[in-house]
There are 2 protein chains.
Amino acid sequence: MNIGNAAKLSGVTTKMIRHYESLELIRSRRLSNGYRDYEASDVARLRFIRHARSLAFPLEDVRKLLALWADHNRASADVRGIALAHVEALEAKAQAMQAMARSLRHLAAHCCGDSRPDCPILDELEKTL
Amino acid sequence: MNIGNAAKLSGVTTKMIRHYESLELIRSRRLSNGYRDYEASDVARLRFIRHARSLAFPLEDVRKLLALWADHNRASADVRGIALAHVEALEAKAQAMQAMARSLRHLAAHCCGDSRPDCPILDELEKTL
DNA sequence: CTTGACCTTCCCATAGTGGGAATCCCTACA
DNA sequence: TGTAGGGATTCCCACTATGGGAAGGTCAAG
């Protein structure tokens, strides 16, 4: 199967398949004409990567998860550890963003938002702190 | 005032000051020896940038906010518009991240997390969907 | 044999920040 | 006056992850 087909079946673009190959997340077998050649197991691997990425796992985590996935003697605790560490990172970021959103919403609520120049949002950004 | 001093007073690193200058967010006056020269108003501008960045405004928003800040005939509605658009972007991202965190926590809760290989997290990532 | 769709590699861009090298400048001290 | 240091300059490279696009090779159908 060529790369275009693998892309369609896996939902990973050809660009990204080549990129993942350069990072050695996916292997590369070539035909005599230089074209990449994939089989079902590669598509499954690409799908795994796509799913992991859709949960925002960084590629280095994906690399580890792929290794554990391939290792049938893995300890599920290792997978869980990676996942929970990632969850905490996600939640920390999400909370930070929501805190920023709250601050800004609060400031915006006190901004009359008309044609006059007075604006507590700018006042806040101007502060020396 | 040289760049190191402006950095200390503003809380923006010298690296970033030069970067902001290259993006024309901050002007550059030079002394005869080529050194950048700053005054209090520049430090205030850098602080403004830092505060806006601490609220995760993208630099293009910062550029607009700086322009409005400098324009004493601005309409506060313009500032508010930028801020609220940014708030919505923040909240959308935060919610997406929390949804991912929830999914993963749910999966992790069903993963025994011991030395056995069975793992619903990997099972999920493996799915064809 | 041409045409179009596919493949290849390579470079560039994004957003924002940082590291580090090579070089120059200024100041203080012996 | 010479030198050592700290700070300034520019320039290139790194990160994360993804995509655009060019120049060229290949395959299949008409």
Side-chain angles (χ1 to χ4, degrees), chain A residues 1-39 42 46 48-66 82 85-86 89-90 92-93 96-97 100, chain B residues 1-39 42 46 48-66 82 85-86 89-90 92-93 96-97 100:
Chain A
M1 171 188 342
N2 64 18
I3 197 174
N5 228 309
K8 262 173 220 149
L9 292 180
S10 65
V12 178
T13 65
T14 60
K15 267 289 202 229
M16 281 301 102
I17 295 177
R18 295 192 190 98
H19 182 54
Y20 294 154
E21 178 187 316
S22 79
L23 298 177
E24 298 180 293
L25 294 178
I26 184 93
R27 67 142 198 54
S28 119
R29 187 190 321 149
R30 303 298 181 107
L31 298 176
S32 52
N33 60 9
Y35 282 23
R36 288 168 178 82
D37 184 41
Y38 298 99
E39 51 193 66
D42 300 312
L46 288 169
F48 184 101
I49 297 175
R50 182 166 65 82
H51 292 164
R53 284 295 302 140
S54 77
L55 290 169
F57 278 104
L59 289 178
E60 280 317 299
D61 282 6
V62 176
R63 185 190 303 283
K64 293 173 202 154
L65 291 171
L66 282 167
I82 293 172
H86 178 51
L90 280 175
K93 270 192 203 168
M97 292 172 99
M100 295 186 277
Chain B
M1 169 189 344
N2 63 19
I3 196 173
N5 229 311
K8 262 172 221 150
L9 292 180
S10 66
V12 178
T13 65
T14 60
K15 267 291 204 231
M16 282 300 103
I17 295 176
R18 295 193 190 98
H19 182 55
Y20 294 155
E21 178 187 316
S22 79
L23 298 177
E24 297 180 294
L25 294 178
I26 184 93
R27 67 142 199 54
S28 119
R29 187 191 319 147
R30 303 297 181 109
L31 298 176
S32 53
N33 60 9
Y35 282 23
R36 289 168 178 82
D37 184 39
Y38 299 99
E39 50 193 65
D42 300 313
L46 287 168
F48 184 100
I49 297 175
R50 182 165 65 82
H51 292 164
R53 286 294 303 140
S54 77
L55 290 169
F57 277 105
L59 290 179
E60 280 317 301
D61 281 6
V62 175
R63 184 190 305 280
K64 294 173 202 155
L65 291 171
L66 282 167
I82 294 172
H86 177 51
L90 280 176
K93 271 192 203 168
M97 293 172 96
M100 295 186 279

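As a basis for the values below, the full set of heavy atoms in this structure was taken, side chains included, without hydrogen atoms, waters or symmetry mates. First the proteins, then the strands, lettered A, B, ... as listed; each starts at 1.
Between B/L46 and B/S10, the shortest heavy-atom distance links the atoms CB-CB, 3.6 Å. Among all heavy-atom pairs drawn from A/V62 and A/A52, the shortest one is CG2-CB, 3.8 Å.
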Using the side chain to side chain contact (heavy atoms under 4.5 Å, CB included) rule, take A/L59 and A/L25 through it: C-alpha gap first, then chi angles, then the decisive distance, then the call. CA-CA 9 Å; A/L59 289 178; A/L25 294 178; 3.9 Å; yes
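A donor-acceptor pair under 3.5 Å is absent between the side-chain atoms of A/H86 and the main chain of A/D61, judged by distance alone. Not one N or O on the side chain of A/D37 forms a donor-acceptor pair closer than 3.5 Å with the backbone of A/R30. In this structure a side-chain-to-backbone donor-acceptor pair under 3.5 Å is present from A/R63 to A/L23. A/D42 places a side-chain N or O within 3.5 Å of a backbone atom of A/E39 that can act as its donor or acceptor partner.
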Taking Watson-Crick (N1-N3 plus N6-O4 or O6-N4) and G-U wobble (N1-O2, O6-N3), each under 3.5 Å, can you produce the dot-bracket string of DNA chain C? Use [ ] for crossing pairs and | for inter-strand ones. ||||||||||||||||||||||||||||||
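Close to D/dT26, at under 4.0 Å from its OP1 or OP2, lies no side-chain N or O of A/N33. Of the side-chain N and O atoms in B/R30, one or more sit less than 4.0 angstrom from OP1 or OP2 of D/dT10.
The nearest whole Å value for the distance from the CG atom in A/L23 to the P atom in D/dA17 is 9 Å. One can place CG of B/D37 at 12 Å from P of D/dA8, the figure rounded to the nearest angstrom. Spacing between atom CG of A/L25 and atom P of D/dT18 amounts to 10 Å, rounded to whole angstrom units. The distance between atom CZ of A/R36 and atom P of D/dC27, rounded to the nearest whole Å, is 16 Å. In this entry the distance linking CD of A/E60 with P of D/dA14 reads 16 Å, nearest Å. Whole-Å rounding puts the B/M1 CE to D/dA8 C1' distance at 16 Å.
You can see that DNA chain C meets the heavy atoms of chain B within a 4.0 Å-exclusive cut from C/dG16 to C/dC26, reading 5' to 3'.
Residues B/Y38 and B/I17 meet the side-chain proximity criterion, which asks for heavy atoms closer than 4.5 Å. A heavy-atom distance below 4.5 Å is not found between the side chains of A/I49 and A/M16. By the 4.5 Å heavy-atom criterion applied to side chains, B/R50 and B/R53 are not counted as neighbours.
Salt-bridge annotation for B/E21 and B/R18: absent, with no side-chain N of the basic residue lying under 4.0 Å from a carboxylate O of the acidic one.
A residue-by-residue look at B/S32 and B/F57 shows that B/F57 has its nearest nucleotide of DNA chain C further toward the 5' end.
For the contact set between residues 9-21 of chain A and DNA chain D, defined by any heavy atom under 4.0 Å, the members are A/T13, A/K15, A/M16, A/H19, A/Y20.
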